[in-house]
Asks: 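Handing you this structure, nothing more for now.
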Amino acid sequence: MKISTLIIIILSLTLVGTVTFGVYYINNQNPVEQVTRVIPVTAPQTTPPEFKYAIYGLKEISLNYPMAVTVSGGEIYVSDSDNHQIQVFDYNGEFQRLIGAPEKGKEPLVRTPYGLAVADGKLYVADLDKGRIAIFDTGGEFLGYFKPSKEGVYRKPGDLKIRDGRLYLTDVIKMKVLVFDLSGNLLLSFGEEGKEPGQFSYPNGVAVDNDGNIYVADSGNNRIQVFDSQGNYLKTIGGEEGKVGSLTTARGIDIDRKSNIYVVTGLLGQVMVFKPDGEELFRVGSRGTGNGQFNLPNGLYIDGNGRLYVTEVGNNRVSVFK
Amino acid sequence: MDEENEEKKLWGEVKRMKRQLLILSMVLVFTLVLGVGVAAAYTISSNIHGGYTADTAACGQCHSTHAAAGKNLIQNLEAGTQNDVYRTCVYCHKSGGQSKYDVINGAIVTGTGTYASSAGGFDQVVTTEGATPVFAAVTSEHDVDAANGTTVWVPGYDTNAGNYMELTCASCHDPHNTANTARALRVNVNGVDISATPPTLDIAAGTVLGDEAVSYQSGWNEFCGACHQDFKQTGAGSGDDTALGTYGSFARHRVGMDPSLYAGTNENSWTIATLSQPSPLMPLQSSDGTAANQQVMCLTCHYAHGTKATNTVTFNRADGTSTSTSSTLLRLDNRGVCQVCHNK
């Protein structure tokens, strides 16, 4: 064999290898997403998103009852609720670190982490069973607990969102929505147990739109209730008075940049999506264990790129759609 | 003139009394309505799982007619090592779910306090109630969360089945409307029809879905005995008679008798009154709430869901071949349940 032929063969193999690796890399390390996570340029979501990948965590510390998810700085934070910690992944779902991991023989810093939000480099974690909100820096250092003003004390803090310096929180058992500034001063509180407009039955998810309107997944009443920024009741989506039927066990909720409303219907195993006027737009997923399917979904988050994240306490994973 | 004045005065007095009577009646009616209203908020008859005929959409929350993933058309799926029934139930009956009954933590949680469940819990039990509750991990519990198709050891059960059976929440509870709506307990357990002796209890008014105070009435030995069949020994002398039992030949502690009729027993250790957990007292069942009909039942010594009691005593299991140090859902540490009654 001539040396030139050998060189051609080696170069050909190298070329094939490079192309194969490149295709694999682009599929898994999408450069567009790498860029747009910093500079969001994609159009608002108008069609059902497609399944991208699922996060299970590392084999030895796989997610156990993940209740909520949030994204900040290109990192994905997941409430690993029954493992009493937060797991952090990069934008491609690769494990990065644990936050609040329990130390042997010590009481966990967060017993049952639920709602998560990042603001000013701090991670706020609602601890459902301890009735408090733990604060960490995003690297994982524990900074202390959120100190609500006396009248804003909560018992079962559920979902948590932070927007424009305001912390929005559901109290699942007091059946209220609370709004604080980040110093802990109570700005707004509304709701009580019941079925009437303005009343709640075990509210879970909370979301805020661009106008400051507050959306509450009123889980036990199988509906979404919408309030203005002052807590005045505006309308109901789903439930008895809605056009779309009951939103069975509505849990996680969020709003995209087009003000469409995404809500988890837990026992139905779907995400239902509505236009701002309450008309159903499309549904995402079905019950199952396959890619893009849901088993007892709970938490939901939409990031700046229009990516949809859904946690499943049945399949113990976070599914990512775009 | 004086008579006229006297008559006017009398009429005035009558009118005043009528007005007072009217006001008093209104107050009484208002109080009654308010009282009924408050009492009607949560009673033992309240059942969130009821009302299916009024709202058939409720069926679809747990079942799927043509696309079910599990048995009984349960629409959700087994998750990892836990069966689909368990996962479906705890989606609501867990902290953050849609019920005040948090069975995992053995708690009833309200807007103001957390209270111990009369059944105990599957992961934890409440040891201190109130706004800042304290919990303790369970040491034994009914294994209702095993994977689909997995069978668990059932003491006192059919040896032909190897003492094993599948166990889920639905083995004991019927989520659909039942006579015992506050507990939704089955009247057909493990294929045994106990509808003639259904398990009955009462919860003190005003405590339902709060700091529940429970009294047990009847049917509890039949209920537990549907699975733990050989342990349901109600005849006198069962503690001495080794021929009793369908599947084993062990002497068994009797149930269904009045403990006060036995010499040396301590009547201060039990109660037929409503009992709020945690409590050192042992509940007896009484069909009419009187001491004349009080009986030892399985729940006198055991919790239904799980216990925090510790146990270091090694004992022979009912299979006659193995030993165990399980706390066997007992109410007190180290067979303390024996001592409180027998006071040796």
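Per chain, numbering begins at 1; letters A, B, ... match sequence-line order.
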Asks: A/Asn298, A/Thr112, A/Asp171: which one forms the most heavy-atom pairs within less than 4.5 Å of chain B?
Replies: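 Option with the greatest count: A/Asn298.
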Asks: Relative to chain B, which of A/Lys176, A/Lys130, A/Arg111 shows the most heavy atom pairs under 4.5 Å?
Replies: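 The candidate making the most pairs under 4.5 Å is A/Arg111.
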Asks: Looking only at heavy atoms, which of residues 125-134 of chain B get nearer than 4.5 Å to chain A?
Replies: B/Gly130, B/Ala131, B/Pro133
Asks: Once you round to the nearest 0.5 Å, how far does CD of B/Gln98 lie from CG of A/Asn222?
Replies: 7.0 Å
Asks: So which heavy atom on A/Tyr65 is nearest to which on B/Val90, and how close?
Replies: OH-O, 3.8 Å
Asks: Which pair of heavy atoms, one from A/Met67 and one from B/Ser95, lies closest together, and at what distance?
Replies: CE-O, 4.3 Å
Asks: What residues of residues 135-144 of chain B sit under 4.5 Å from chain A when only non-hydrogen atoms are counted?
Replies: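 So far as heavy atoms go, nothing in residues 135-144 of chain B approaches chain A to under 4.5 Å.
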Asks: Does anything in residues 101-112 of chain B reach chain A? List residues with heavy atoms under 4.5 Å apart, or say none.
Replies: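 Hits under 4.5 Å: B/Asn105, B/Val109, B/Thr110, B/Gly111, B/Thr112.
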Asks: With chain B, which of A/Ser286, A/Ser219, A/Ser201 has the greatest number of heavy-atom pairs at distances under 4.5 Å?
Replies: A/Ser219
Asks: How about B/Lys308: does its NZ atom have over 12 heavy atoms from other parts shown lying under 6.0 Å from it?
Replies: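 No - once you tally the heavy atoms of other residues, nucleotides and ligands closer than 6.0 Å, there are 12 at most.
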Asks: Quick one: what part of A/Asp218 sits under 4.5 Å from any heavy atom of chain B, side chain, backbone, both or neither?
Replies: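 Looking at A/Asp218, nothing touches chain B.
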Asks: Quick test of your reading: applying salt bridge (charged side-chain N to carboxylate O under 4.0 Å, His left out), list the pairs with at least one residue in residues 311-321 of chain A, sequence neighbours left out, ordered by first then second residue.
Replies: A/Glu312-A/Arg317
Asks: Could you measure the distance from the NZ atom of B/Lys100 to the CD atom of A/Glu193? Nearest 0.5 Å is fine.
Replies: 3.5 Å
